[in-house]
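Written out below as structure tokens is the structure these notes cover.
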Amino acid sequence: MKVLIIEDEISLLRSIVEYFRKEAYLCEGAGSYADGITKIEDFYYDCIILDINLPGGSGLDLLRYLRTHNKQDGVIIISARDSLDDKIAGLNLGADDYLVKPFHLSELNARVKALIRRKYGQGNNQVALGNLTVDISSRTAFIGKTPVLLTKNEYDLLLFLLANKNRVVSRKSIAEHLFGAEADNLPSFDFVYSHIKNLKKKMKEKGAEDIIETVYGLGYKIIE
Amino acid sequence: MTKNLQQKHTRYLFTRLLAVLLLGSIAFYFFMRMHAEHMQLKQLELRQRNLQSAFLLQQNNQMPVHITGEYDIVENGTLSPQQLGRPRDTVVFYKAENKNLPFAILTRPFTASGRHYQLTTYVSSTEIDHLIIKVFGTEAFLFVLLFVVIIYINYKTSGVLWAPFRATLKKLGEYDITRQQPVVLSADTGVREFNELNEVASHLIKKNRQAYHQQKQFVENASHEIQTPLAIIRSKLELLIDQPNITEQVAGLLADITEANDRLSQMNRNLLLLAKIDNNQFPGTAAVNVSALLEKIIAVYREHYSGEFPEIATFIQPDLMIDCNMSLLEILLNNLVKNAVVHNIPGGCIKVTLEGHSLLIANSGKPATIASERMFERFSKGTDETRSTGLGLALVKQICQLYHWKVDYSYLDGIHTITVTFKAP
């Protein structure tokens, strides 16, 4: 899996590359518009993570270039611009997803995985871990062959943890994943705890192993 | 009591002019009196000369020694030297009219053929008195007329003269720096002082606008710039918490840093939002269904709230439409609902009423630690709640200002009430 990250903030670029290293992606970085153009001309990437404000040009122009040259690389825009118009403009130009900065790396990771699954899944719409299987198309989780009845939030939470398996996912990133940017308005993220508790209970009832770990006050982790 | 300039000017003139005219009248009267007396003396003296000549030229003493109201000639008169040569007042009885008439008299001694006489001449005072009264009356009438006309002209003139000043004052009063409309003050009012005033005021406004604009731009730019380091810190923290073999102590530190960083991000995002509203970057308006949006926000909020949710009573008139930017309305409603929940007390309640064009959100809670009128200021917190950014109500206020909606806060008997009146479409 090849991923290109076009981001002029080198420190942020390094964070993303390091985060993805664990996923065994082949990561490359580009720090400017020109650099980005050279890379996408020479290689094919499964996913391009694209910043809009770049030295030497706009990420949107780069996206336009990509699509007019009939390159079908998956693109996720990461931008500080959070207005609806910006999002629509990006998606209309052929971006697959749009993530507003500042974002959680776990969220970016989940988006990349969802994109790759959509684009290259070829009918394999299942995520499995031990005896747990999640069928994406029917939005159902199974323990062995037994379906587990989950609420929408619990299902989203499970899928989010699975996308970031073996990683600590912070409560805030879970809250934002479930609730969007408006999670800021919540007085506490304690509701994440109750969703986790319910999820664990339901999975245990169906005979799953205890794969969700609580990491001190930091967050949660699903382990293989 | 403060009067306006025109009234003040008129009042000032009124008292001063009245005093001057009164004093003038009194002086006029005395001067006239003095001149009249002088004239009477001259007449008396003229008669003295004429009668003495006539007396000396007569033959056989055929000239009468007494004519009422004209003269008296008395031989060996008994008047003292002090009384001689000075005019005196007296009255003479007229039988025909049966009344005393006032006269001025003058007595002088003279000698003829070795005999001593005293001659008294008479001049009637009645005509002079009548004349004085008539002249003084005319003068008084003229003074009153002058007084009224001067006051009136002055009143009108100061009204006209100060018109440019009042125009300037009105424009300055209407000026609102937060709106973008320019202020045009006339450069040629016809009065140099007012031209100067307008010039100075225009200059001041221009400079203020520049400063205000720069400040707004600064907040937006600063928030923008702060975003990147915050994003970097967040990403590094995520990498950090994912490190293997973290001790509980380190985890505690990381949790605290993460929380502080998240708070900073949230604050920065709100500041940026405030700056953007300030800079009019939410132009798109559409008819938004407030009722549906409010119901959704309350439902979502309740779903994601862990712990005891306050008892909530809602009365929401269905399908109320308002022209505004959907995101902004969402921010406004979210903030109000959040406040009602967060600043509540255990076992408290919330009342939400959306009716006509007003939204009322009331919740039980402890009294605020700041004055009601400071409630909507930036960074003024009415609570000790540490997670509060102090920007929520500032955002609400800003959004309301943008759309000219009215927002009020009140606290009574343990109930906080916020009312937003949406402008009628």
Side-chain angles (χ1 to χ4, degrees), chain A residues 8-16 18-19 21-22 53 78 80-85 100-109 151-153 164 166-173 175-176 178-195 197 215-219 221, chain B residues 224 227-243 246-252 254-256 258-259 261-263 265-266 268-270 272-273 276 281-282 284 297 300-301 303-307 325-327 330-331 334-335 337-339 341-343 385 387-389 392:
Chain A
D8 63 328
E9 198 60 53
I10 298 305
S11 194
L12 197 57
L13 178 64
R14 279 212 303 266
S15 294
I16 299 171
E18 193 179 336
Y19 199 84
R21 188 178 296 151
K22 219 171 175 178
N53 287 328
I78 47 172
R81 299 186 196 169
D82 63 348
S83 81
L84 201 60
D85 292 340
V100 177
K101 281 183 187 175
F103 49 81
H104 287 96
L105 292 173
S106 44
E107 181 67 33
L108 178 65
N109 190 23
T151 64
K152 182 185 172 295
N153 280 326
N164 291 291
N166 295 322
R167 290 180 188 277
V168 181
V169 180
S170 73
R171 287 195 304 168
K172 167 113 193 228
S173 70
E176 276 187 14
L178 297 180
F179 201 65
E182 292 307 328
D184 267 356
N185 273 331
L186 295 171
S188 79
F189 302 134
D190 293 345
F191 74 95
V192 172
Y193 169 71
S194 46
H195 285 321
K197 202 174 69 183
V215 185
Y216 307 122
L218 294 174
K221 184 177 183 176
Chain B
H224 249 303
Q227 251 182 348
T228 311
L230 283 174
I232 292 170
I233 296 173
R234 175 183 279 197
S235 70
K236 301 297 174 194
L237 278 168
E238 267 192 284
L239 291 172
L240 258 180
I241 62 172
D242 202 27
Q243 296 298 312
I246 295 182
T247 63
E248 190 168 353
Q249 193 201 357
V250 173
L254 285 176
D256 287 350
T258 307
E259 205 200 306
N261 188 55
D262 285 345
R263 244 176 80 198
S265 299
Q266 186 192 349
N268 190 54
R269 213 162 59 193
N270 281 347
L272 186 59
L273 193 58
K276 280 182 170 174
Q281 290 178 25
F282 288 90
I297 285 170
V300 170
Y301 211 87
E303 186 194 335
H304 286 284
Y305 193 79
S306 54
N325 182 299
M326 169 114 169
S327 321
E330 209 168 347
I331 290 164
N334 251 319
N335 268 300
V337 172
K338 178 187 98 179
N339 278 348
V341 177
V342 175
H343 302 305
E385 176 82 40
R387 274 187 57 88
S388 161
T389 58

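Residue numbers begin at 1 in each chain, while the letters A, B, ... track the order of the sequences. Everything numeric in this text was worked out from a predicted model, so none of it was measured.
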* Atom CG of A:Leu218 and atom CD1 of B:Ile246: how far apart are they, to the nearest 0.5 Å? -> 6.0 Å
* Should we say atom CD of B:Gln249 is surrounded by more than 12 heavy atoms from elsewhere, each under 6.0 Å from it? -> no
* Give the minimum heavy-atom separation between A:Pro102 and B:Gln227, together with the two atoms involved. => CD-NE2, 4.3 Å
* To do: Considering only heavy atoms and a distance below 4.5 Å, find which of B:Ala231, B:Ser327, B:Ser235 pairs most often with chain A.
  => B:Ser235
* Of the non-hydrogen atoms in A:Phe103 and B:Glu238, which two are nearest, and what is the gap between them? -> O-OE1, 4.3 Å
* Asked: Please walk me through it: do A:Leu12 and B:Thr228 pass side-chain contact (heavy atoms from CB on, under 4.5 Å)?
  -> CA-CA 8 Å; A:Leu12 197 57; B:Thr228 311; 5.6 Å; no
* Asked: Does the side chain of A:Val215 reach to within under 4.5 Å of the side chain of B:Ile241, using non-hydrogen atoms?
  -> no
* Asked: Which heavy atom in B:Lys236 sits nearest to a heavy atom in A:Ser15, and how many Å separate them?
  -> NZ-OG, 2.8 Å
* To do: Check the surroundings of atom NZ in A:Lys197: do more than 12 heavy atoms from other residues, nucleotides or ligands lie under 6.0 Å from it?
  => no
* Between A:Lys172 and chain B, which part of the residue has a heavy atom less than 4.5 Å away: side chain, backbone, both or neither? -> side chain
* **Under 4.5 Å from a heavy atom of chain B, the part of A:Glu18 involved** => both
* Asked: chain B heavy atoms under 4.5 Å from A:Asn153: which part of the residue, side chain, backbone, both or neither?
  -> side chain
* Structure fact -> Rounded to the nearest 0.5 Å, the CG atom of B:Leu239 sits from the NZ atom of A:Lys22 at a distance of 9.5 Å
* Structure fact -> dist B:Asp262:CG -> A:His104:NE2 (nearest 0.5 Å) comes out at 5.5 Å
* Asked: Measuring heavy-atom distances to chain A, does B:Val300 have an atom under 4.5 Å in its side chain, in its backbone, in both, or in neither?
  -> both
* Looking at CG of B:Leu237 and OG of A:Ser170, how far apart are the two atoms once the value is rounded to the nearest 0.5 Å? -> 9.5 Å
* For A:Ser11 and B:Ile232, work out which heavy atoms get closest and say how close. => OG-CG2, 3.3 Å
